[in-house]
Amino acid sequence: MRKSKIAPVAKRGSKSRSSGTPDPLNRRSAPSDMAPAHFRAIGHSLVDSVADFLERLPKARTASSLLPDAMRAKLGKREMPEKGADIAPILEKFSRLFFEQSTHNGSPRFFGYITSSAAPISALADLLAAAVNPNVGAWALSPIASEVENESIRWLAQFMGLPGKWDGVLVSGGNMANIVGFYVARKAKANWDIRAKGVADAESQRLVLYGSAEMHTWINKAADMGGLGTAAVRWIATDGEHRMRADELRRKIVEDRAAGLHPFMVVGTAGSVGTGATDPLPAIAKICKEFDLWFHVDGAYGAPAVALDDATDDLKGLRLADSIAIDPHKWLYSSIEAGCLLVRDSSALHDAFAFKPPYYQFDDNEGQEVKNYFEYGPQNTRGFRALKIWLGFQQAGASGYRRMIADDIALAHRLHEFVGEQELLEQGSVALSISTFRFVPADLRGRSRGDKAVTDYLNELNARIATALRLSGKAFVSNAHVEDRFMLRACIVNFRTTLDDVRALPKVIVEIGRDIDKKARPKSLRGS
């Protein structure tokens with residue numbers, strides 16, 4: 001047997017066996033470390049660059065004009081470095097490229113998705129959190145960070161006026177907040193030990209759940225990951241305002257029970273992703289109580305608006321839920337990532353996720369109660385997401401958030417009015433801070449309903465307008481599908497957006513729409 005050529009590692013603190021010199025492990029120089037003076041110099045320079053970027057942001061392009069191949073060429077292709085280099089010039093060069101070639105959801109003319117302008121305090125919070133790098137999975141590993149998360153969750157519940165003592169857990173975003181809520185509901189409402197026996201046990205019944213036809217696609221991921229299959233999701237029809245029909249919900253629950261299925265959960269939406277619609281949450285809560293179903297509200301976007309004095313009764317109905325998903329990185333202006341699941345009964349969250357492995361010994365707190373977050377969600381290792389929420393509340397205050405949210409809603413309604421003033425634009429819906437509309441050439445307006453060729457062309461035309469607008473860098477919108485119509489969609493969750501920004505948007509879209517229509521309209525749809 002050949003002898004290993006690898007020499008044994010000397011014990012720390014010992015002297016070299018050959019020369020008697022001090023062991024180099026006692027005077028270690030690690031490539032990933034950075035001297036405080038060097039860090040200070042690089043850090044000051046980077047903060048200056050970020051401040052310059054924020055100063056330029058209101059007039060900067062909303063998005064890069066580069067297509068994927070050009071973007072890859074801009075970034076450049078390199079081999080993985082074998083040896084390290086001075087990081088300062090690399091960081092400086094990349095920061096310039098990053099500022100120039102990103103999609104800027106902080107721009108006042110970014111109306112594309114429900115991704116808000118991040119408050120500058122979030123950037124500082126993430127820097128501070130990363131410097132200490134706590135693992136907010138166990139209290140002993142993150143004592144002060146855990147307490148800040150506890151308080152942030154309490155403030156979120158208080159901001160929304162939730163009654164009683166709600167609890168929760170911070171997660172990456174809306175998808176995960178809703179999926180965690182799904183698992184809590186599944187555990188709470190299964191009438192067998194689903195954690196131990198799963199969904200295919202002999203004692204089990206087929207679980208089914210319900211949401212509106214406008215519900216976000218996270219529900220498919222949850223049903224798939226949870227072993228139910230996507231066929232377990234019941235998509236309930238909506239009314240003319242894109243709200244779940246409570247009568248259809250009740251009818252389907254009765255039908256499923258008669259078929260021997262086990263309904264367990266209803267998802268109400270507070271601010272749909274397409275049009276901002278809010279389901280009739282009080283009516284849904286009443287049905288859930290009647291049939292003993294878990295009532296979950298996807299408020300990832302719209303939940304913060306319940307704090308406004310003029311919040312609708314439908315939106316106030318989220319306070320009747322068993323669990324609520326909310327995204328502070330949407331309408332509370334935190335940087336990504338910051339999502340949260342709130343639950344009325346904290347024991348339900350603990351029951352769904354807690355395990356006690358022998359390698360976790362975090363209970364020696366002299367009898368004092370602490371919260372170990374690894375027992376309240378799917379993650380063990382967790383970043384300090386709460387700091388930016390906590391600091392954000394202290395900077396803006398609850399009243400500041402209410403004012404910014406109200407301003408966003410008012411601007412969406414003003415945009416709806418400005419669209420109505422344009423002959424070549426057709427108004428769609430407006431709800432919360434989302435307005436939908438489309439470009440319709442004057443000679444096609446009378447044929448835009450009922451003529452499939454016209455409908456198909458208008459859908460293609462408006463899709464091309466959205467792309468051209470994005471590549472122009474002048475503004476950014478996304479889309480919503482309303483029945484058979486492709487609608488342009490503007491969502492305002494941005495404290496930088498002003499009345500001038502929304503007044504300009506319809507004019508830019510008309511200009512782009514005219515140009516594309518002139519070049520792209522098929523001969524069959526041109527006038528004689």
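Just so you know, these numbers use all the heavy atoms, side chains as well, and skip hydrogens, waters and symmetry mates.
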(request) Determine the minimum heavy-atom distance between L471 and R61, stating which atoms define it. (result) O-NH2, 2.7 Å

(request) Keeping the roles fixed (side chain from H329, backbone from A338), state whether a donor-acceptor pair exists under 3.5 Å. (result) yes

(message) So, taking the atom named CG in L387 and the one named CD1 in I121, what distance separates them when rounded to the nearest 0.5 Å?
(response) 8.0 Å

(request) Compare every heavy atom of T103 with every heavy atom of F110, then report the nearest pair and how far apart it is. (result) CE1-CG2, 3.7 Å

(message) Side chains of L308 and L315, heavy atoms from C-beta outward: is any pair under 4.5 Å?
(response) no

(message) Quick check for you: to the nearest 0.5 Å, what is the distance between L349 atom CG and L342 atom CG?
(response) 10.0 Å

(message) Give me the atom names and distance for the closest heavy-atom approach of L156 to C340.
(response) CD1-SG, 3.9 Å

(request) Taking the side chain as every heavy atom from C-beta outward, state whether M71 and S64 have any pair of such atoms under 4.5 Å apart. (result) yes

(request) Go through F182 and L228 one step at a time and tell me if the side-chain contact (heavy atoms from CB on, under 4.5 Å) criterion holds. (result) CA-CA 11 Å; F182 164 90; L228 277 61; 4.0 Å; yes

(request) Flag the pair R96 and E100 as a salt bridge only when some basic side-chain nitrogen lies within less than 4.0 angstrom of an acidic carboxylate oxygen. (result) no

(message) Does E423, at its CD atom, have more than 12 non-hydrogen atoms belonging to other residues, nucleotides or ligands within less than 6.0 Å?
(response) no

(request) Run through D314, D313, L318 and flag the one making a side chain to side chain contact (heavy atoms under 4.5 Å, CB included) with K316. (result) D313

(message) For a quick test of reading the model, state the closest non-hydrogen atom pair linking R319 to L162 and the distance between them.
(response) CG-CD2, 3.8 Å

(request) Quickly, which of L469, L488, V510 forms a side chain to side chain contact (heavy atoms under 4.5 Å, CB included) with L505? Name it, please. (result) L469

(request) Would you check if the side chain of N459 reaches a backbone N or O of D484 as a donor-acceptor pair within less than 3.5 Å? (result) yes

(request) Any chance you could lay out the side-chain contact (heavy atoms from CB on, under 4.5 Å) test for E214 and D279, step after step, and finish with the verdict? (result) CA-CA 10 Å; E214 298 291 318; D279 288 332; over 6 Å; no

(message) With a 4.5 Å cut-off on side-chain heavy atoms, are R521 and Y457 touching?
(response) yes

(message) Between the side chains of D69 and R72, is the shortest nitrogen-to-carboxylate-oxygen separation below 4.0 Å, so that they form an ion pair?
(response) yes

(request) Measure up the F98 and F94 rings against each other and bin them: parallel (under 30°), tilted (30 to 60°), perpendicular (over 60°). (result) parallel

(message) What verdict does the side-chain contact (heavy atoms from CB on, under 4.5 Å) test give for W294 and L209, after you've listed the backbone C-alpha separation in whole Å, the side-chain angles of each residue and the deciding distance to 0.1 Å?
(response) CA-CA 9 Å; W294 187 273; L209 66 161; over 6 Å; no

(message) Is it the case that the side chain of R109 and the backbone of K474 share a donor-acceptor pair, with hydrogens and angles ignored and the cut-off at 3.5 Å?
(response) yes

(message) Does D501 form a side-chain hydrogen bond (donor to acceptor under 3.5 Å, both in side chains) with T498? I'd like the steps, not just the answer.
(response) CA-CA 5 Å; D501 294 311; T498 68; 3.0 Å; yes

(request) State the CD1-OG distance between I492 and S116, to the nearest 0.5 angstrom. (result) 13.0 Å

(message) For a 4.5 angstrom cut-off between non-hydrogen side-chain atoms, does S429 reach E241?
(response) no

(request) Report yes if the side chains of I405 and Y333 come closer than 4.5 Å at any heavy-atom pair, otherwise no. (result) yes

(message) Strictly distance-based, threshold 3.5 Å: is any side-chain N or O of R489 a donor or acceptor partner for the main-chain N or O of G112?
(response) yes

(request) With rounding to the nearest 0.5 Å, note down the distance linking CG in L207 to CZ in F264. (result) 5.5 Å

(request) Would you confirm whether S433, through its side chain, and A412, through its main-chain N or O, come within 3.5 Å as a donor-acceptor pair? (result) no

(request) Start with the C-alpha distance between Y401 and W331, add both sets of side-chain angles, then the distance that settles side-chain contact (heavy atoms from CB on, under 4.5 Å), and finish with yes or no. (result) CA-CA 9 Å; Y401 280 127; W331 221 354; over 6 Å; no

(message) So, taking the atom named OG in S478 and the one named CZ in F111, what distance separates them when rounded to the nearest 0.5 Å?
(response) 11.5 Å

(message) Over 60° means perpendicular and under 30° means parallel, so tell me whether F53 and F99 are parallel, tilted or perpendicular.
(response) parallel

(request) Take atom NZ of K221 as the centre, draw a 6.0 Å sphere, and report whether it contains more than 12 heavy atoms from other residues, nucleotides or ligands. (result) no

(message) Would the distance check show the side chain of N178 and the main-chain N or O of G174 forming a donor-acceptor pair, the cut-off being under 3.5 Å?
(response) yes

(request) Answer yes or no: is there a donor N or O on one side and an acceptor on the other, between the side chain of R496 and the main chain of G106, under 3.5 Å? (result) yes

(message) Between K189 and D322, does any side-chain N to carboxylate O distance fall below 4.0 Å?
(response) no

(request) Assess whether atom CZ of R514 is packed by more than 12 heavy atoms of other residues, nucleotides or ligands within 6.0 Å. (result) no

(message) With a 3.5 Å distance limit and no angle check, can you tell me whether Q427 reaches the backbone of H416 through a side-chain donor-acceptor pair?
(response) yes

(request) Could you tell me whether the side chain of N462 and the main chain of F439 form a donor-acceptor pair under 3.5 Å? (result) yes

(message) With rounding to the nearest 0.5 angstrom, report the OG1 to CZ distance, T436 to R485.
(response) 7.5 Å

(message) Any salt bridge linking D500 with R503? Criterion: basic side-chain nitrogen under 4.0 Å from a carboxylate oxygen.
(response) yes

(request) Taking atom CD of E55 as the centre, report whether more than 12 heavy atoms of other residues, nucleotides or ligands fall under 6.0 Å from it. (result) no

(message) Between R243 (side chain only) and G240 (backbone N and O only), is there a donor and an acceptor less than 3.5 Å apart?
(response) no

(message) Just checking R251: does its CZ atom have more than 12 heavy atoms from other residues, nucleotides or ligands closer to it than 6.0 angstrom?
(response) yes

(request) Measure across R464 and I516 and return the closest heavy-atom pair with its distance rounded to 0.1 Å. (result) O-CD1, 3.7 Å

(request) State, yes or no, whether a side-chain contact exists between Y301 and D327 at a heavy-atom distance under 4.5 Å. (result) no

(message) Side chains of W218 and D298, heavy atoms from C-beta outward: is any pair under 4.5 Å?
(response) yes

(request) Answer yes or no: is there a side-chain heavy-atom contact under 4.5 Å between E426 and F437? (result) no

(message) On a heavy-atom basis, which atom in R344 and which in P163 lie closest, and how many Å separate them?
(response) NH1-CG, 4.1 Å

(request) State whether the number of non-hydrogen atoms from other residues, nucleotides or ligands found under 6.0 Å of K286 atom NZ is greater than 12. (result) no

